[in-house]
Amino acid sequence: MATCENSCSTEDENDHQILSSKRIITILSDDEDLEINKNNKRQRSPSLPKPKPLQLMNKQTIKSNTRQTSLSIIRTNSDSNGNEERKWNLQTISSSSNENSSKQKKKKITQTKSVTVAQSRTSSTLIRTVSSPSIIKNDISNDPSRTLSFDGAVINEEDVFSQWNEKASISSSTSTNTTQSSSITVNSKSIWKEIFSKSTKSKPVDDELKQEWSALDKDQPSNNYRSNAAPVGVKRACPFYKKISGTAFCIDAFNFGNIDGIQAYFLSHFHSDHYGGLNKKFSNMLYSNQITCNLCKSELGIRSETMTILPMNEFINVHGIDVALLDANHCPGSNMFLFRFANGRLILHTGDFRAAPTLFKHPLIQPKQIDTVYLDTTYCDTRYRFPSQDEVIESAVGLVSDSLKENARTLIAIGTYLIGKERIFHAIAKALDCKIFVETRKFRILNQLENDDLSKRLTKNPHETNVHVVGMGSITQPMLQAHVDKYALRYNKIIGIKPTGWTTPRSTGGSKHYSIESKSSNITVYGFPYSEHSSFDELKDFIQYIKPKRIIPTVNVGRADLRDKMNGYFQQWLST
DNA sequence: GCGATCAGCT
DNA sequence: CACAGCTGATCGC
């Protein structure tokens, strides 16, 4: 826990500056209290411990002739549960010097913006960000990225948070003889340098790529094929980011007929927005792993002659280039593709994936070895932070067992995709030691996933268990009402579990990661932040580990402004 | 009558 | 919003 004992910066240029900053901060504190009283709302809760006196923990100063900008942590609050809050101030002091007024009094104008970030000890994720005072709330409402622009310095609130996190983890892992003293002292100049300066050294999106993207914008204003509006009868061209440059390969590109120059059609996993367009008439050669090929055969009727099953974790030569399939930690049968050219150059296509240390520390993946990464950028935005799958699963299991303790005649309905989200209902069934009801098609699909315990628990008889797996679209009040009505003799209550990454985690302080989406007398719908795509931080960790030369995003690429934003992140990640 | 594609919805 | 569908309408054979 952060105490502030040795946290006053010792790296500052001189004592005078520290003193002056301290003085200014005290003034700011008064301002803030004024504002609090003015609003008459934000009185401190009596339950919170008395806040420590303001303390200057560190600061960074940028000076010019007329201005001085500094960023400092000015206060930390913590409670006995390990929740912690820090307030940072970004301020400029500008002197309005009237002409050549060497004699005239310089008028000092102090402006401040502040950001408060908080985290709970029990969860490593960001649970809340609050900004004050009101002047920057306006900015935030128009700017979901929570960027503060101040005196030429652009600071992202989330960056402040992540700097804190990184430093926190470093200090906890390296603290040996020091007790709690290495308490998150964020006083290294390099950290502030990172925040303030944007390195342009790294170019994960180079000029050539930029040209490709703008050509695509011209060609296909809406290049997200889900919402493409190609004229009837006109086949859309396959966008460049679905092809692997320098090869005759494409990935998840079945909506474009026979693509010029393509010899091998790879499929990363069996979700409809990736296999879309694939049908019995397919007459090229599809490459994927055992599970995905099985599903293509049983669900789509793809003929075996048009499929090549590739092993996992092993390079196989396909049309002159080595290809290895690596587990993508997305849904069962999902994989990433690692391509190795004759000259040793490596290209990684992540497919859809959830980055995790076990995944990117794969022996075939080493830092700086990979030239280009085609990246699943689904949640490549700072607003997407969610807990690990294990944390969410634990929370769901807890909720279900609590609900059953309260009322044994409760039916549990869990929403899923065609494949995906298995771990969450499997864990619930294991905890209750019961069977899992699924419908016929789902029964067939789940039995192909090569998971013995899961298969053993499946049943097509709804009366055999109170754990029912349904489609995600069925987790609504009317559908759940209809569902429980079917089994009214046995159950009088139903809870719906909706596991999706779009549900922002709402921590209630403990380890409960769910939110109540709707509730009526006998029906409750819970949202769980259970994601099968990487969170923002996981993407960042992944990229910073791999350190690729270029990055080609494959999701959210339909709008140039979103691409620019992602490119900004990539540069930031790779500039350290 | 069937499969495939598409708009609309969540 | 985007994900990963699902439903129902329309088109082609």
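Every chain is numbered from 1, with letters handed out A, B, ... down the list of sequences.
Partners of A:Ala253 under the side-chain contact (heavy atoms from CB on, under 4.5 Å) rule, at least two apart in sequence or in another chain, are A:Cys238, A:Lys242, A:Cys250, A:Phe256, A:Ile259. Taking A:Tyr526 as the reference, A:Tyr514 meet the ring pair (Phe, Tyr, Trp, His ring centres under 6.0 Å) condition, with sequence neighbours excluded.
Rounded to an integer number of Å, the gap from CG of A:Asp352 to C1' of C:dA2 is 12 Å. When the C1' atom of C:dA4 is taken as reference, atom CZ of A:Arg441 falls 12 Å away, rounded to whole Å. Distance NZ (A:Lys498) to C1' (B:dT10): 7 Å, rounded to an integer number of Å. Between A:Ile445 atom CD1 and C:dG5 atom P there is a gap of 9 Å when expressed in whole angstrom units.
Between A:His271 and the phosphate of C:dG5, there is a side-chain N or O to OP1/OP2 separation shorter than 4.0 Å.
Looking at A:Lys565 and A:Asp381, a side-chain N of the basic residue comes within less than 4.0 Å of a carboxylate O on the acidic one, giving a salt bridge. Taking a cutoff of 4.0 Å between a charged side-chain nitrogen and a carboxylate oxygen, A:Asp453 and A:Arg457 qualify as a salt bridge.
The side chain of A:Trp502 approaches C:dA2 more closely than any other nucleotide in the set C:dA4, C:dA2, B:dT10. Comparing B:dT5, C:dC3, C:dA4 by their closest approach to the side chain of A:Asn279 singles out B:dT5. Comparing C:dC1, C:dC3, C:dA4 by their nearest atom to the side chain of A:Tyr384 picks out C:dC1. Counting only heavy atoms from C-beta on, A:Leu418 has its side chain closest to C:dG5 among C:dG5, C:dC6, C:dA2. Of the candidates C:dC6, B:dA4, C:dA4, the closest approach to any side-chain atom of A:Lys280 belongs to B:dA4.
Counting non-hydrogen atoms under 4.0 angstrom, A:His330 reaches the backbone sugars and phosphates but no base.
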